[in-house]
Protein chains: 2
Amino acid sequence: MTESVGDGRDAESVSKFVESFAAQLVEAGMQRMAARVFAALLASDKGVLTSAELSEQLQISPAAVSGAVRYLAQTHMVSREREPGSRRERYRVHGDQWYEALTNREAVLKRWEAALREGVNSLGGDTPAGRRLAETLAFFEFVEGEVAAMMERWRVHRERTFGQG
Amino acid sequence: MTESVGDGRDAESVSKFVESFAAQLVEAGMQRMAARVFAALLASDKGVLTSAELSEQLQISPAAVSGAVRYLAQTHMVSREREPGSRRERYRVHGDQWYEALTNREAVLKRWEAALREGVNSLGGDTPAGRRLAETLAFFEFVEGEVAAMMERWRVHRERTFGQG
DNA sequence: CCTTAACTTCACAAATTTCTGAAAGAAGCG
DNA sequence: CGCTTCTTTCAGAAATTTGTGAAGTTAAGG
């Protein structure tokens, strides 16, 4: 029998996964603590952990958990719940919702598009640079539409492969 | 008539675009100098600038240009050329190639997938957490395939909209 | 209401990243 | 071949980011 994290899983394996997956997320630009918290939730039994559990499992201060969760909630990677009749908060990864958060990046795309649109206007759509910016803008607009369709196909594919989990 | 950058475009407008677009890229995780260099190339007349031009236009040291270009070349966002018979190097954005660089991120996805696969193995595919990781892995594999198809559709769409630029 | 458990905010110390000037390294040109 | 011009590397100063302890805030439970 292996040592347990409290819910019966192998603490060593969990930690190893959490750290290596988090490292990849960090490399892709996510804040370190946010990445670790997210990975820990992914690897948890129910996809739910309390602030205290995260603090202990990851060996970080409650302040760090708070900051990480704020970021993750803002970007819709996790949701926060309050158990009724308790001041203990629980954080959850919701399969369906974080895929979208990860791929959509609506807000980011929108801001890129805004900057490009301004560029096209001020440089003029009839200059070589203006045309290049316009084409880039068109690319992002295209991608935006495609991603929506792709997520729909994923939902279908997922249903078929995993049943309605 | 507006002041010029040397090739006849309005220096003020160009700079404004470069800085605001670069700022968005930085927010999305790109290094600041790399983002500025890339934006400057996008907004340049021919999509080509020399090291010296970048250095002067962005008010940064040759060393900073060197570092930024190294990053951009590694990630295939720009290509470097050397004019034959000169030790002056030129850097170029190649419409077609940087779209792919931006969307593909093959290497990144592959590493995420590797970390997830290890997680599934060590936690066991029959545990709740293992199943969650397996589903996440399936999602990335799905996305990987979709992106390739999407880029193909973009090429067609682009051809129709902009002609064979 | 008052106590107390839990989360959040804040100021600061530590670590990391970023950019520069200077020196070293290529490569054309005489 | 050495000179000159351009690029890269490197060590360090400066700025930014990160995580913590401590104080502050909110709300449950007596």
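All values below were derived from every heavy atom in this structure, side-chain atoms included, with hydrogens, water molecules and symmetry-related copies excluded. Naming: A, B, ... by sequence-line order, numbering from 1 per chain. Given the structure is predicted, the values throughout are model-derived calculations rather than measurements.
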For chain B and DNA chain D, what are the first and last nucleotides along the strand, 5' to 3', with at least one atom under 4.0 angstrom from a heavy atom of the protein chain? dT4(D) to dT9(D)
Between [X] and [Y] (side chain of the first, backbone of the second, donor and acceptor by atom type, cut-off under 3.5 Å), is there such a pair?
X	Y	result
Arg131(B)	Gly124(B)	no
Ser55(B)	Ile60(B)	yes
Thr75(A)	Leu72(A)	yes

Which residue pairs satisfy the salt bridge (Lys or Arg N to Asp or Glu O under 4.0 Å) criterion with at least one member in [range], sequence neighbours excluded?
range	result
residues 91-102 of chain A	Glu81(A)-Arg92(A), Asp96(A)-Arg158(A), Glu100(A)-Arg155(A)
residues 27-36 of chain A	Glu19(A)-Arg36(A), Glu27(A)-Arg111(B)
residues 56-72 of chain B	none

Taking [atom1] from [X] and [atom2] from [N], how many angstroms apart are they, rounded to a whole number?
X	N	atom1	atom2	result
Tyr71(B)	dC19(C)	OH	C1'	17 Å
Met33(B)	dT18(C)	CE	C1'	8 Å
Arg32(B)	dT20(C)	CZ	P	11 Å

Residues forming a ring pair (Phe, Tyr, Trp, His ring centres under 6.0 Å) with Tyr91(A), sequence neighbours excluded: none
Counterpart residues, salt bridge (charged side-chain N to carboxylate O under 4.0 Å, His left out), relative to Arg82(B) (two or more places apart): Glu89(B)
Would you jot down, in residue-number order, the residues of residues 18-26 of chain B having a non-hydrogen atom under 4.0 Å from DNA chain D? none
Give me the ring orientation class for Phe142(A) and His157(B): parallel if the planes are under 30° apart, tilted from 30 to 60°, perpendicular past 60°. parallel
Kindly write out the residues that satisfy side-chain contact (heavy atoms from CB on, under 4.5 Å) with [X], not counting sequence neighbours, or none if the list is empty.
X	answer
Ser66(A)	none
Thr50(A)	Ala52(A), Glu53(A), Arg88(A), Arg90(A)
Val120(B)	Leu133(B), Ala134(B)

Please produce a list of atom pairs where a protein N or O lies less than 3.5 Å from an N or O of nucleotides 12-14 of chain C.
none

All heavy atoms of Arg132(A) vs all of Gly47(B), minimum pair found to be NH2-N, 3.0 Å
Check the interface with nucleotides 6-9 of chain C: list each N/O to N/O pair with the protein under 3.5 Å, or write none.
unit_1	atom_1	unit_2	atom_2	d
dA6(C)	OP1	Arg88(A)	NH2	3.4
dA6(C)	O3'	Arg87(A)	O	3.2
dC7(C)	OP1	Glu89(A)	N	3.1
dT8(C)	OP1	Arg80(A)	NH2	2.4
dT8(C)	OP2	Ser66(A)	OG	3.2
dT9(C)	OP2	Arg70(A)	NH1	3.4

